[in-house]
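Take a look at the structure below.
Numbering starts at 1 and runs along the sequence shown. Source: prediction; values computed, not measured.
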Amino acid sequence: MHRPDTHPVAVPGAWPLLGHLPQMARAPLAFFQGLERHGPLAQIRIWSRPMVVVTRPDLARRVLVTGSRAFDKGGPVIEGLRTLLGNGLVTCPAHEHTRQRHLMQPAFHPLRLARYSPAVSTSVADVVGSWRPGQAMDLDREIGQVVSLIVSRTLVAAPGTTNTTKQICDLVPEATVVMYRQGLMPGRLLPRLPLSINRRCAKVRTEGRDLIAPVLARYRAGHGTYADLLSDVVRAYENEPDPDLAMADQAMTIVGAALETTASSLVWTLRLLAEHPRVLARLTTELDEVLAGRQATHDDIARLPYLQQVLTESMRLYPPVWLMTRTTTSEVRWAEGSIPAGTDVGISPWALHRDPGIFPSPEAFAPDRWAPERATSTQREAFFALGAGRRKCIGDTFAMNAAVIILSTILTRWHLHHQRSQFRIQPRMLLTPPRTPVTVQARALPEAA
C-alpha cells in the first residue's frame, strides 16, 4: 500500500550550487552504481535541479514499459540530444512518437533488413580486406570506418553522397561529447551564453545541418528512389508541414544513432574477447563450423547463436546508452515513493545490469547466461542496453544483424593482438570505448566441408 509520506531519499554529498556534479564528473559510472544503497528511488541534484534515479530493474521497467504514459522524453540527456538532433524519433515527445514511429517502421521491416545485409558484408570486407599481417592499427578507428561505409551504403546510399556521409559520421564522436556536457547545464539561460561548450555545440550542429541539406535536396529531387533507408524517410515526410526540418532531424538521428552505438558495441566486444581466450576459442569454433572460412550472409545470422550471446553479454557490461532520462507528466505514486509531476527521472543501464540478484557475478563476462535454457525472463526484462517498451531502439535488429556479420568476418580472418594498457572509461552521451591499439595476424582458414 502506498504511504503518502514516502519520498525519494536525498543522496548526501551534494555541493552548494553544483549539486552532485563533482561526483558525476570524477567517476559517473561508479556514482550511479552506488546509488542503489540509498534505496529504490534516490534523489540527486544536477546543479539545483533534482533528479530521481530508479535503482531497481523492476522500477526501470515501470518507467519504460508498464507505466510509460506517466513518463515522457525529457531530462538532461534528452535535452542534450535535442540540441543537435532536433525532434527526431529518439528525442520527440510522446504525443508525436506514435506518428513518427508509424512513418519510420516500414524502413525497418524484416525484408528490408535482409536486403541491407549484402551491403554490410561488402563494407566490412572492403576494410578488413585491406589489412596486412603484422599491421598495427587503432581498432576503434577501423571499426568506425566499417560502420561509416555501412551507413553510406544502407542508410544514405544515393550516388555522390558517400564523402558527405563520411563527413557527417566524422562529426559524431565530438557530438557525443558536447551533447553530454551541454545536457548537464542548468536552466535555459546558461546553454545560451557565449561559453566554449555552447560555441562547440552550435558549430557541430551547424556543420551537420549544412552537410545534410544538399543530401536531402538530392533525395527530394530524385523522389526518394534509392534503395536505402533515407529514401523511405524522404517519402514518408514529403507531406509534412516543414519537410526539410523533419527530414533533417530524422537523418541526423539515423546517422548518429547507427554509427556510434554500433561501433562502440563492436569495439567493447572485441576488447572483452581478447581478455577471455576461452570465450574467443569457443566462438571461433562456432564460426569455423558454420562458415568454414566464408563470409557470413543474412541467412547465417540465426545459425550463430553463441555469437549473439557474446554480443548481448558485451552490451550488458558496456551498454551503449549508459544513462537515460525521462520527465514525469503527472505525479507518480508508488509504494516505493511519490515522484512529483515535472520531475526528471534517471535510469542507468550500466548500474542496473550489475544487479547481483539478477545477474550472478555481475562483473564477469559470461555469454552462457544468455543461452536459451539458462536465460530467465527476469534477466531479459532487466536488460536495457537498447531501451525497452514503446521507445525501444527501432534499429535494434538491424544493429544486431550488422554486428554479427562484422564480427564473424573479422574473427574468421584475423587474430587481434591487443596492446595492454590502463584506461579510464570516459562516458559521453554514449559509453564510448577508449583508443584500442592492436596488431593483426591472419588466421588459417578452415577447409570447407
Side-chain angles (χ1 to χ4, degrees), residues 108 113 116-117 120-121 123-124 128 139-140 142-144 146-147 150 257-291 295-322 349-350 352-354 359 362-375 379-388 392-414 416 418 430-433 436:
F108 293 92
L113 299 185
Y116 294 149
S117 292
V120 174
S121 298
S123 298
V124 64
V128 170
L139 183 62
D140 42 303
E142 295 295 311
I143 295 296
V146 172
V147 179
I150 292 170
L259 181 78
E260 196 74 356
T261 55
T262 304
S264 294
S265 294
L266 288 166
V267 175
W268 283 123
T269 301
L270 289 166
R271 290 179 70 101
L272 284 166
L273 288 170
E275 296 167 2
H276 297 83
R278 290 185 179 180
V279 175
L280 177 59
R282 180 174 166 187
L283 177 55
T284 52
T285 297
E286 177 183 80
L287 294 173
D288 291 347
E289 290 176 349
V290 173
L291 302 176
Q295 189 166 16
T297 67
H298 187 82
D299 292 339
D300 292 312
I301 293 171
R303 302 171 62 212
L304 297 168
Y306 191 63
L307 176 50
Q308 294 186 56
Q309 291 171 212
V310 166
L311 279 164
T312 302
E313 179 68 348
S314 171
M315 287 191 288
R316 181 189 69 82
L317 285 170
Y318 296 101
V321 180
W322 68 277
W350 167 276
L352 297 175
H353 290 175
R354 285 163 169 75
F359 301 105
E363 296 293 343
F365 178 53
D368 273 339
R369 73 170 88 237
W370 298 105
E373 67 276 9
R374 292 184 57 180
Q379 284 179 318
R380 296 189 188 97
E381 291 178 358
F383 182 76
F384 301 106
L386 297 170
K392 186 179 181 183
C393 174
I394 194 173
D396 58 345
T397 302
F398 173 78
M400 180 64 81
N401 290 352
V404 168
I405 292 173
I406 294 167
L407 284 175
S408 64
T409 302
I410 292 172
L411 296 173
T412 296
R413 300 185 183 185
W414 298 97
L416 305 181
H418 291 244
L430 300 172
L431 193 62
T432 306
T436 304

Should L266 and I410 be marked as a side-chain contact (heavy atoms from CB on, under 4.5 Å) after you check the CA-CA gap, both sets of side-chain angles, and the distance that decides it?
CA-CA 11 Å; L266 288 166; I410 292 172; over 6 Å; no

List the atom of P349, the atom of W322, and the distance in Å for their closest heavy-atom pair.
CD-O, 3.2 Å

Mind listing the closest non-hydrogen atom pair of L273 and F365 along with its distance?
CD2-CE2, 4.3 Å

Closest non-hydrogen atom pair, A375 against Q379
CA-OE1, 3.2 Å

Could you pull out all residues at least two apart from F384 that satisfy ring-ring contact (aromatic ring centres under 6.0 Å, His included)?
none

Are the side chain of E313 and the backbone of A366 linked by a donor-acceptor contact shorter than 3.5 Å?
yes

Atom CD of E373 and atom CG of D368: how far apart are they, to the nearest 0.5 Å?
7.5 Å

Exercise answer: donor-acceptor pairs, residues 274-281 side-chain atoms, under 3.5 Å, sequence neighbours excluded:
{"unit_1": "H276", "atom_1": "ND1", "unit_2": "L272", "atom_2": "O", "d": "2.8"}

Report yes or no: does W268 contribute a side-chain atom to a donor-acceptor pair with the main-chain N or O of L431 at less than 3.5 Å?
yes

Backbone N or O of P362 within a donor-acceptor pair of the R316 side chain at under 3.5 Å?
yes

Would V310 and W370 count as a side-chain contact (heavy atoms from CB on, under 4.5 Å) here? Give the steps.
CA-CA 8 Å; V310 166; W370 298 105; over 6 Å; no

Once rounded to the nearest 0.5 Å, what's the spacing between atom OG1 of T284 and atom CD of E289?
10.0 Å

Any chance you could lay out the side-chain contact (heavy atoms from CB on, under 4.5 Å) test for L311 and S265, step after step, and finish with the verdict?
CA-CA 8 Å; L311 279 164; S265 294; 5.6 Å; no

Non-neighbouring partners of Y116 that pass ring-ring contact (aromatic ring centres under 6.0 Å, His included), sequence neighbours left out:
F398

Can you list everything that forms a ring-ring contact (aromatic ring centres under 6.0 Å, His included) with H298? Sequence neighbours excluded, please.
none

Look at the side chain of E286 and the backbone N and O of L307, then say whether any donor-acceptor pair between them is shorter than 3.5 Å.
yes

Considering non-hydrogen atoms only, spot the tightest contact between T432 and S264 and give its length.
CA-OG, 4.0 Å

Partners meeting side-chain contact (heavy atoms from CB on, under 4.5 Å) with A385 (sequence neighbours left out):
M315, P319, P320, H353, F383

After noting the C-alpha distance and the side-chain angles of S408 and D300, does the key distance pass the side-chain contact (heavy atoms from CB on, under 4.5 Å) rule?
CA-CA 10 Å; S408 64; D300 292 312; over 6 Å; no

Distance check, rounded to the nearest 0.5 Å: T262 atom OG1 versus I143 atom CD1?
11.0 Å

Just how far is it from atom CD of Q308 to atom CE of M400, taken to the nearest 0.5 Å?
6.0 Å

Determine, stepwise, if the pair T285 / D288 fulfils side-chain hydrogen bond (donor to acceptor under 3.5 Å, both in side chains).
CA-CA 5 Å; T285 297; D288 291 347; 5.9 Å; no

Qualifying side-chain hydrogen bond (donor to acceptor under 3.5 Å, both in side chains) pairs, either residue in residues 393-405, two or more places apart:
K392-D396

Look up atom CG in L270 and atom NE2 in H418, then write down how far apart they are to the nearest 0.5 Å.
6.0 Å

Quick one: pull up OG1 in T412 and CG in L407 and give me the separation to the nearest 0.5 Å.
10.0 Å

